[in-house]
Amino acid sequence: MLDPRFSSERPHVSRRGFLRLTGAGVAGGALVTMLDARKAPAQLKGTSLRILMWSHFVPAYDTWLDDFAKKWGEKTGVKVRMDHIPHLELPARYAAEFAAGAGHDLIYFVGQILTGQYYRNLVDLSDLAEGLAKKYGAWMPASKSAGQVGGAWYGVPDFFISIPVLWRKDLLESVGVNNPDTWDDLRKAARLLKPKGHPTGMQFSHCNDANHNWRSLLYCFGGKETDPSGQNLTLDSKETREALRFAKALYDEGMTPEVFSWDDASDNRYLASGVACWVHDAISAFRTTQDTNPKVFEQTYVLPEAKGPVAHLNMGEPNVWAIWKFSKNVPAAKEFIQTIADHQKEAMEASRGYNMPFLKNQYTKPMPGLGGDAKLSALQEQDKITVFFGYPGPMTPAAQEVLTTFIVPDMFTRVARGADIEETMKWGMGEIRRIYTKHKAG
Amino acid sequence: MATVAVATPYRAPRTERAKSIRRHVLIYLGLLPFLGLAVFPIFWMLVTALKQEPDLYRMDVVPFWFHLPPTWKNFDFLFHRTSYGDWIVNTMAIAFWVSAITLLTAVPAGYALARLRLPFAENLGIGIFMTYLVPGIILFLPLARVVSTLELQDSWWSLVAVYPTITIPFCTWLLMGFFKTVPFEIEEAAMVDGCGQLGALLRVVLPVSWPGLITAVIFSFTLSMQDFLYALAFVSVSDQKPVPLGVATELIRGDVYFWGSLMAGALLVGVPVAIVYNLFLDKFISGITGAAIK
Amino acid sequence: MSQIAAGGGPSPGAPATVAVGGRVRDISWWRTPTARRYLFGYTLLAPAVLYVALLVGIPFVFSLYLAVSDASVGVPVARFVGLENFKAALENSAFWTAVRNTVVFTLGAGIMKGLLGTALAFLLIQPFKGRRVVRALVVIPFTLPIAVSVLGWKWMFDSQFSVINWALSRLNLIGAYGSPEWPVWLGQPALALFSVMFVNVWRGFPFSAIVLMAGMTSIPPEIIDAGKVDGATFLQRFRKIIVPMIAPILFIGSAFDTVFTLSDLSIVYLLTNGGPDGATEILPTLAYNTGIKAGALGRGAAISLSLFPLLLPLMILLLRTLRRRQY
């Protein structure tokens, strides 16, 4: 099991029936029985459904999902095709599909949550979303930001990704930080461990993780991007300055310049190679370490999020279903969303603790994939601390543009490199204000 | 520049043999940095492709060689767990059709611009070239519309339709230059013999222009392997992807890079193309020479 | 502009044919050799011109329209906003960083490719044993699909497992891993820009060499020999004879190379995505992130077209000069 790829077969659902899959996580047979429980509308028979998906960070999950889709297709008589592309490339594909007015029937937002941009061209899924809320308890508050525009649901949240702190028990205990709980604890550990060859690292670069990690820290320090309406900027605050100052100290004391070149995968390798004392990264890094370096994995523990001086918040990454208005098979697409929502348990199990649910009842302990694992069980209350970008405002197109142009991580980068905090604040606010003005004008 | 000294016979001449050896040594010395620059990354990719995963992440031992036995696993993975076989077939088919379309359009266009003294020929030629200044990052949206109107979405044929926009302008210019080098006399002789202008083109001009044609084909071939964005936007189905897209989208899974298979996938198409390239390099060089100098 | 010229392609021929009807009886102009040549010529041109006009010309007009509208990805009907988007770009500090980096990247890489290519071409035109093998090896960088070879470089530039650093460190040229003397290729602003340029050079220099070889082989040896007889040193010969002779090919080579480099998104996108803090941001990445990822199509189009007004006259001038020289 040294090579993570071979822990699962490469998933494939393609026209040529390239399927040579073994069910991962859940036995295929059991799944069929579960699928039987739900009666699919008969008129779906003989139709076809094209789904666009990202490549999940836990490959075993894709294997499960492709298999799930296949079984669902057999059961309902719908010809399903599921295409996977990397999450970073989804927006280009959506732009092309929209321009063409044709493409996949059922689409998926992750990383870039484009509900706000495309809602005029997406099917209103309020009935479905509200039905799910009724069935599984309420949606957690942050889900509205991911799925709703103007009170209507144009996207149905599937799950979100948490980005917790993964820390090395052996290393931290060696410097007397026994149960890290706050950002200060983490800073102290990094300061003491860097001289021993075990620094920490968070990306000061143009990648997804940089956007996540620094926002989590920012929110924990009380920094807020906008007011709750998402209209008025509130980033220019003493809390934000405090967060920038802290980040600079964290960098100076506990990191090496490597972090300026990192991409989303670098901190995984940093942890798995045994160098990092802690990283702020998704469970996929935990799993990579498990598969490639069992010794380090044994000592790797999970902290849902470090507490800041003001708040305890983690910026998660939502995953959202949506259906194009030009979709040729809206009923089947809706049916698929409903079915997979009904199988959230198996999905969580298959994702090896990576997928976090959006609905209240799904937080009943023990949660699948988490509750049974001593290291991950703390994540069972992640719904309480999870917020999304733009916080406390919703993920508007303006907030989206701030995200994709990396202004927040660039502010942290500037300060870490020694730029004056006031200057940086002025620069960052200037850029952000420009973007918000543009969007208001539009 | 080391060879400079060689070319200038300063010292007393030695035997021919000694001179030749000395010349070779200096040329090789001069080439060494270039070979290192060009080949080292390729060598490194090959070693990576043959390494076992844990062997990649070791800095305590010489990384240039194997510390765990080399493995074919990465190649095996490509062919058995991805649609790599399809990707190669698609890439070759795309390159073939793009070359064909390019030749069918650029040869007559280049000839007309070079030979027929048409009014506006120069402006037209420049106009065709200027299409390169139009940025692909925006162009792919309206093209998506075209692709879907042609009902080619998610099929590699969409790329056959789109890539000629990159190859036609280049090859038109190349061939235009090339046709200018063909002496007027042979064409006129053919026309005197009863060929029409078209006949002269087909029977006399084309046969002597084949270095130019080969150059155009090689260009079409390489250019159609360099795109990423169009392929990404128009093809999302695994077994329809060309190699660059398939490798870059299916061998990086979020925060895990399958380095070995990535490198294997690149080398398996890059190296054969390099060999073919080299077979035609002399023709290629005379093709460019003809195109640009005369 | 170009599209106007290209799109107007068939029309200059059209008057000739249209005129046919009117003039048939009196002079039968259409039967003259000139008319037939024109007809034949424009028929030959039509496929290429139509192809390019339909697939680049019309989409280009559409992107011009985007650039002066407030279009975003999900809103098909956009308002005309004049030069607002260009103004927004000019007010954006990231835009100016991107312009600076684009210029440095293109010129720097162009110069490096020129120098390396010239030296290599000079070596490769010498007769020596194993020339074919050497040539085969040096062209590989050019034949690998760019998106994939860039990933190879990403691995070589890795901050932790960089094989380059491993070698340099063992040679004691840099410090050990973790020390400040351990270069982080994609993380230090100047170094990061250099690194992305370097990948472009690595990929492009074999091609420069081939083009320059073509130029050099076209110089009749007598001319060079004449120079030798006159006692010119190598550098003099190089400057006075070789450079002027290969100048046209050098120009057209660099013109093509420049437009390809200017529009090349993949190296920067895959290596740094413009980071850290915009140190490697170039116009294509900024336009892509603004226009496609963030969905602000209008502004993205404006950014990507911003160099167009500068490049267009420059290219026209270059190509015209070149063509004139050729006669």
Side-chain angles (χ1 to χ4, degrees), chain B residues 4 24 27 30-31 34-35 38-39 41-42 44-45 57 59 63 105-106 108-109 111-112 116 118-120 123-124 126-128 130-139 142-143 164-165 168 172 197 225-226 228 243-244 247-248 259 262-263 266 270 273-274 277-278 281 285 288-289 292-293, chain C residues 2 5-6 9 12 37-38 40-41 44-45 47-48 51-52 55-56 59-60 62-63 120 123 126 128 134-141 143-149 151-152 155 161 163 166 211 213-214 217-218 234 248-249 252 259 263 265-266 284 287-288 301 304 308 311-312 316 319 323:
Chain B
V4 175
H24 271 87
I27 288 179
L31 283 169
F34 291 101
L35 277 174
V39 176
I42 312 296
W44 181 240
M45 288 167 86
Y57 301 108
M59 291 302 273
T105 50
Y111 178 78
L116 298 175
L118 301 172
F120 300 105
N123 289 338
L124 269 178
I126 291 177
I128 289 178
M130 287 307 146
T131 54
Y132 280 123
L133 296 182
V134 183
I137 23 180
I138 297 298
L139 213 53
L143 279 179
T165 60
I168 290 176
T172 302
Q197 194 124 29
M225 291 220 310
Q226 302 314 322
F228 179 71
V243 171
V247 167
W259 294 116
L262 274 168
M263 303 301 145
V273 174
Y277 217 101
N278 198 52
L281 200 60
I285 288 174
I288 307 181
T289 315
I293 293 292
Chain C
S2 64
R37 200 181 71 226
Y38 285 4
F40 178 60
L44 290 186
L45 263 177
Y51 210 111
V52 171
L55 287 179
V56 185
F60 175 67
F62 175 79
S63 58
L120 180 61
L123 287 167
Q126 314 286 331
F128 62 92
V134 171
R135 280 191 336 194
L137 290 173
V138 293
V139 296
I140 301 181
T143 59
L144 289 177
I146 179 108
V148 192
S149 53
L151 292 169
W155 179 224
F161 299 101
V163 66
W166 187 91
V211 171
M213 270 165 80
T217 47
S218 72
F234 172 78
I249 203 164
I252 192 139
V259 290
S263 61
L265 173 78
S266 35
Y288 185 71
S304 72
F308 196 76
L311 285 173
L312 190 69
I316 292 180
L319 294 175
R323 280 183 57 100

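A quick note: this is a predicted structure, and the numbers were derived from the prediction, not measured. Each chain gets a letter, A, B and so on, in the order its sequence line appears, and its residues count up from 1.
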With a 4.5 Å limit on heavy-atom distance, are the side chains of Leu31(B) and Leu120(C) in contact? yes

Is any side-chain heavy atom of Leu116(B) closer than 4.5 Å to one of Leu44(C)? yes

What residue in Leu35(B), Leu118(B), Leu143(B), Thr105(B) has the most heavy-atom pairs under 4.5 Å with chain C? Leu118(B)

So CD1 of Ile146(C) and CE of Met225(B): to nearest 0.5 Å the spacing works out to 11.5 Å

Where does Leu265(C) contact chain B at under 4.5 Å (heavy atoms): side chain, backbone, both or neither? side chain

Closest heavy-atom pair and its distance - Pro244(B), Val148(C): CA-CG2, 4.0 Å

Under a 4.5 Å heavy-atom cutoff, which of Val139(C), Val259(C), Leu55(C) has the most pairs with chain B? Leu55(C)

Below 4.5 Å from any heavy atom of chain C, which atoms of Ile168(B) appear? Answer side chain, backbone, both or neither. side chain

Counting only heavy atoms closer than 4.5 Å, note whether Phe34(B) contacts chain C via side chain, backbone, both or neither. both

Note, Trp259(B) side chain near Phe161(C) side chain (heavy atom, < 4.5 Å): no

Of Tyr277(B), Phe228(B), Tyr111(B), the largest count of non-hydrogen pairs under 4.5 angstrom with chain C goes to Tyr277(B)

Interface moiety of Val39(B) toward chain C, non-hydrogen atoms closer than 4.5 Å: side chain

Chain C contacts, top residue of Val243(B), Val247(B), Leu139(B) (heavy-atom pairs, under 4.5 Å): Leu139(B)

One option among Phe62(C), Tyr288(C), Tyr51(C) has the most heavy-atom pairs under 4.5 Å with chain B, and it is Tyr51(C)

Looking at CG of Leu311(C) and CD1 of Ile316(C), how far apart are the two atoms once the value is rounded to the nearest 0.5 Å? 11.0 Å

Honestly, the part of Ser266(C) sitting under 4.5 Å from a heavy atom of chain B is neither

Between Trp155(C) and Leu262(B), is any pair of side-chain heavy atoms under 4.5 Å apart? no

Among Gly152(C), Pro47(C), Ala136(C), Pro284(C), which residue forms the greatest number of heavy-atom pairs with chain B at distances under 4.5 Å? Ala136(C)

Please tell me if the side chains of Thr131(B) and Thr165(B) come closer than 4.5 Å, counting only heavy atoms from C-beta onward. no

